[in-house]
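To start, the structure under review is shown below, and the notes come after it.
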Amino acid sequence: MSKKIQAIRGMNDILPEQSAVWRFLEATVKDVLGRYGYGEIRLPIVEYTDLFKRSIGEVTDIVEKEMYTFKDRNDESLTLRPEGTAGCVRAAEEHGMLYNQIQRLWYTGPMFRYEKPQKGRYRQFHQIGVETFGLQGPDIDAEVILMTAKLWQALGLSEHVTLQLNSLGSIEARATYRAELVSYLEARKDQLDEDSQRRLGTNPLRVLDSKDEKTQALLADAPSLMDFLDDDSREHFEGLTAILDAAGVTYEVNTRLVRGLDYYCKTVFEWVTSSLGAQGTVCAGGRYDGLVEQLGGKATPAVGFAMGVERLVLLLEAAGLTDQINSAPDFYVVGSAPETILLADRVRESLSQAVVQCHCGGGKFKKQMKKANDSGATYALIIGEDEAKNGQVVVKYLREEKDQITILQTELNAFFSALI
């Protein structure tokens, strides 16, 4: 007997009962972003490897350890996308959407990273991303943050997330800070955890992200990035917080909130939750004014964010908000073919918003009714020989203690239009 084929570790199936929550989340995101005037862009999942080496950096964990990279038949190096920003910048530049233009874009889809699978973090995971180009003031930073706040409100998650803010300053100011931080940490290198010792030589700002308690204690006396901000960055940050204050958005300034890549500058932010244990960040964003130029375009201000769909689904579940997401049909039609098939289609045509499931495969009436009840449907529509002959249908209430009734099929629309 041949070995059963299973899914690749860290690449998961999303089953019908789970996909209802995904559809709810995706529809809510699409609605909120659409109302803010953001246009959807659909990007390929495979790009030339050089795109990610140039954007993310060759000496990062993502490029060195986590990317799914392979040679195609032309011996060119291709990579399954590990994140969405680089591909979005590539597409916008390639199609002439950036120079002297303003763009507000969003995308969604799978990303791929080879890392240890754990709850909320997988090798194939899904992200929703937003990227804006051509605007350099704090007002666009505020807009993308306010948009995420509106999304939490629409999802019912406002009480479960907290906004953290920081400013990285200009690229020049951050370079000065980086030198001071490295000097401070080098003198205490033997006290750092292993990951932080490695990052000290390649990506020292990421040491600030360390989850090691001893390293965090050591960082308590480290230089603060806020002390190195240039005047323009300080004014930008004050402008952002003034808008958030006026909008009534609560936030915390976290001076250790950073991005490890050099093209980030000024605003960075994260929405975090305490409901998911160690996987506390559900949305992260910031300003990356240097990336377009780094990828060969003209210098273009940009800001965006990404959120993990799997983590948001977990948060919806943890908050007890998935019970209200109903994937059950409104009607389950029982009887014998072809009457059931024809009736089901008539109901779909007359009640366009209704979900109608038709029993197939025949069987005794009692078994059909059990299937109807198990489906979670609100109503069973029963059509036997007599009902078919008389143009009638029996309506049975499956979720309420009400007597079943018999009505003309022509009366179904009027009967249910006020209920569905």
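Fair warning: this is a prediction, and the values are worked out from it, not measured in the lab.
Gln392 and Thr406 form no side-chain donor-acceptor contact under 3.5 Å, judged by distance and modelled atom types alone. Side-chain contact of Glu143 with Tyr38: a donor-acceptor pair under 3.5 Å is present, judged by distance alone.
Judged by distance alone, the side chain of Glu270 and the main-chain N or O of Val272 form no donor-acceptor pair under 3.5 Å. Under a 3.5 Å cut-off, the side chain of Arg198 and the backbone N or O of Glu194 do not form any donor-acceptor pair. A donor-acceptor contact shorter than 3.5 Å is absent between the side chain of Tyr48 and the backbone of Glu76. For the pair Arg174 (side chain) and Tyr264 (backbone), a donor-acceptor distance under 3.5 Å is present. Arg121 contributes no side-chain N or O that, together with a main-chain N or O of Glu310, makes up a donor-acceptor pair within less than 3.5 Å. Remark: side-chain polar atoms of Glu93 are not paired, donor with acceptor, to backbone N or O of Leu98 under 3.5 angstrom. Between the Thr340 side chain and the Val333 main chain, no donor and acceptor come within less than 3.5 Å of each other. Side-chain atoms of Glu387 come within 3.5 Å of backbone atoms of Gly384 as a donor-acceptor pair (strictly under, hydrogens ignored). A donor-acceptor contact shorter than 3.5 Å is absent between the side chain of Gln216 and the backbone of Lys211. The main-chain N or O of Pro204 is never found under 3.5 Å from a side-chain atom of Arg178 such that the two would form a donor-acceptor pair.
Lys30 is listed as a side-chain neighbour of Trp106, based on a closest heavy-atom distance under 4.5 Å. Val303 is not listed as a side-chain neighbour of Thr267, based on a closest heavy-atom distance of 4.5 Å or more. Looking at heavy atoms from C-beta onward, Ile45 lies in side-chain contact with Phe112 at the 4.5 angstrom threshold. Using a 4.5 Å heavy-atom threshold, the side chains of Leu342 and Arg346 count as touching. Side-chain contact check for Val29 versus Val309: every heavy-atom pair is 4.5 Å or farther apart. Here the side chains of Met97 and Ile102 are not in contact, with every heavy-atom distance at 4.5 Å or above. The closest side-chain heavy-atom distance from Ile382 to Val393 is not below 4.5 Å. With contacts defined as side-chain heavy-atom distances shorter than 4.5 Å, the pair Leu295/Arg90 does not qualify.
Nearest heavy atoms, Gln127 versus Ala306: OE1-CB, 3.9 Å. When every heavy atom of Ala372 is checked against every heavy atom of Leu398, the shortest pair comes out as O-CD1, 3.8 Å. Across Phe269 and Gly286, no two heavy atoms sit closer than the pair CE2-N, 3.9 Å. Closest non-hydrogen pair, Ser275 versus Ala318, comes out as O-CB, 4.2 Å. Closest approach of Asn413 and Ser350 over heavy atoms only: OD1-O, 3.2 Å. Val207 and Ser196 get closest at one heavy-atom pair: CG2-O, 3.7 Å.
For Asp403, the CG atom sits in a loose shell: 12 or fewer heavy atoms of surrounding residues, nucleotides or ligands are nearer than 6.0 Å. Other residues, nucleotides and ligands contribute only 12 or fewer heavy atoms inside 6.0 Å of the OH atom of Tyr99. For Tyr114, the OH atom sits in a loose shell: 12 or fewer heavy atoms of surrounding residues, nucleotides or ligands are nearer than 6.0 Å.
With Tyr107 as reference, Glu131 is the one residue of Arg42, Glu131, Glu40 to meet the side chain to side chain donor-acceptor pair (under 3.5 Å) rule. Each of Gln103, Arg287, Arg104 was compared with Thr132 under the side-chain contact (heavy atoms from CB on, under 4.5 Å) criterion, and only Arg104 meets it. When Phe331, Phe415, Tyr332 are each tested for a ring-ring contact (aromatic ring centres under 6.0 Å, His included) with Tyr379, only one passes: Phe331.
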Solution key, residues 8-22 side-chain donor-acceptor pairs under 3.5 Å, sequence neighbours excluded:
| from | atom 1 | to | atom 2 | distance (Å) |
| --- | --- | --- | --- | --- |
| Gln18 | OE1 | Leu15 | N | 2.7 |
| Ser19 | OG | Pro16 | O | 2.9 |
| Ser19 | OG | Arg23 | NH1 | 3.3 |

Donor-acceptor pairs under 3.5 angstrom involving side-chain atoms of residues 154-166: please list them, not counting sequence neighbours.
| from | atom 1 | to | atom 2 | distance (Å) |
| --- | --- | --- | --- | --- |
| Ser158 | OG | Gln153 | N | 3.3 |
| Gln164 | OE1 | Asn254 | ND2 | 2.9 |
| Asn166 | ND2 | Asn254 | O | 3.4 |
| Asn166 | ND2 | Thr255 | O | 3.3 |
| Asn166 | ND2 | Leu257 | O | 2.8 |

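The existence of a salt bridge linking Asp195 and Arg199 is excluded, since no basic side-chain nitrogen approaches an acidic carboxylate oxygen closer than 4.0 Å. Residues Glu115 and Arg113 are not paired through a salt bridge, judged by the lack of any N-O separation under 4.0 Å between the basic side chain and the carboxylate. Note on Asp345 versus Arg348: salt bridge recorded, some NZ/NE/NH1/NH2 to OD/OE distance being below 4.0 Å. Of the charged side-chain nitrogens involved, none lies within less than 4.0 Å of a carboxylate oxygen, so that Lys214 and Asp212 do not count as a salt-bridged pair. Salt-bridge check for Asp50 with Lys53: failed, with every basic side-chain N at 4.0 Å or more from each acidic carboxylate O.
Remark: Ser55 OG to Glu83 CD distance equals 5.5 Å, nearest 0.5 Å. Here the CE-CD distance, from Met111 to Gln124, works out to 10.5 Å after rounding to the nearest 0.5 Å. Interatomic distance, Leu168 CG to Ser233 OG, rounded to the nearest 0.5 Å: 9.0 Å. Taken to the nearest 0.5 Å, the CG atom of Leu151 stands 7.5 Å off from the CG atom of Leu312. The CG atom of Leu78 sits 5.0 Å away from the CZ atom of Phe70 when rounded to the nearest 0.5 Å. How far OG1 of Thr108 is from CD1 of Ile41: 13.5 Å, rounded to the nearest 0.5 Å.
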- Task: Applying side-chain contact (heavy atoms from CB on, under 4.5 Å), run through Ile243 and Asp139 and close with a yes or a no.
- Result: CA-CA 7 Å; Ile243 297 173; Asp139 49 355; 4.1 Å; yes
- Task: Dump the intermediate steps for side-chain contact (heavy atoms from CB on, under 4.5 Å) on Val253 and Ser167, then the final yes or no.
- Result: CA-CA 9 Å; Val253 177; Ser167 176; over 6 Å; no
- Leu240 and Ile145: side-chain contact (heavy atoms from CB on, under 4.5 Å), yes or no, with the steps? CA-CA 10 Å; Leu240 168 62; Ile145 292 173; 4.1 Å; yes
- What do the steps show when you test Leu135 against Asp141 for side-chain contact (heavy atoms from CB on, under 4.5 Å), and what is the final call? CA-CA 9 Å; Leu135 295 163; Asp141 300 19; over 6 Å; no
- Verify side chain to side chain donor-acceptor pair (under 3.5 Å) between Gln294 and Tyr288, making sure each step is shown before the conclusion. CA-CA 10 Å; Gln294 187 170 312; Tyr288 52 95; over 6 Å; no
